[in-house]
**Q** 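I am attaching a structure below and will ask some questions about it afterwards.
One-based numbering along the sequence shown. The figures here come from the full heavy-atom set of this structure, side chains too, leaving out hydrogens, waters and symmetry mates. The shown structure was predicted, so the numbers you read here are calculated from the model rather than taken from an experiment.
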Amino acid sequence: MISETISTQSREKPFKPFLLNTSDGKSVAISPAEMIALTKHRVHAFIFKPGQIQGQDLAELEVVISPLRVASIKDTRRAKRQRV
């Protein structure tokens, strides 16, 4: 079910940034949609650093998470509104 929720969230138009919170207390920010890839048993999130080749962004880190380790998914825009 988590895989389906992540897939649905990552395909929303317009895309809404979100956080994947894992069972070990870590969080991975997902924004924009091109930063996430899903397979049957894994979530691949790519962390980018600002472009160093004429405006191109480069993947700096790939985070691989089992969907079973995802404790919650939070809409970051909604979370910001609630804190104010």
**Q** How far apart are the closest heavy atoms of L38 and S3, and which atoms are they?
**A** CD1-O, 4.2 Å

**Q** Does A29 have any side-chain contact (heavy atoms from CB on, under 4.5 Å) partners at least two apart in sequence or in another chain, and if so, which?
**A** L19

**Q** Would F18 and T5 count as a side chain to side chain contact (heavy atoms under 4.5 Å, CB included) if you check the C-alpha gap in whole Å, the side-chain angles of each, and the deciding distance to 0.1 Å?
**A** CA-CA 12 Å; F18 59 97; T5 303; over 6 Å; no

**Q** What's the separation between atom CD1 in I36 and atom CD1 in I6, rounded to the nearest 0.5 Å?
**A** 6.0 Å

**Q** Please round to the nearest 0.5 Å and tell me the distance separating atom CG of N21 and atom CD1 of I73.
**A** 9.0 Å

**Q** Under the side-chain hydrogen bond (donor to acceptor under 3.5 Å, both in side chains) rule, collect the residues that match up with R42, sequence neighbours excluded.
**A** none

**Q** Test of understanding: with salt bridge (Lys or Arg N to Asp or Glu O under 4.0 Å), list the residues that count as partners of R69, not counting sequence neighbours.
**A** D24

**Q** Measure across V28 and A45 and return the closest heavy-atom pair with its distance rounded to 0.1 Å.
**A** CG1-CB, 3.8 Å

**Q** Evaluate the side chain to side chain contact (heavy atoms under 4.5 Å, CB included) criterion for residues I2 and L68: first the C-alpha distance (whole Å), next the side-chain angles of each, then the deciding distance (0.1 Å), finally the verdict.
**A** CA-CA 8 Å; I2 291 290; L68 298 174; over 6 Å; no

**Q** Check the angle between the aromatic planes of F46 and H44 and answer parallel, tilted or perpendicular using the 30° and 60° thresholds.
**A** parallel

**Q** Who are the side-chain hydrogen bond (donor to acceptor under 3.5 Å, both in side chains) partners of K16, not counting sequence neighbours?
**A** E12

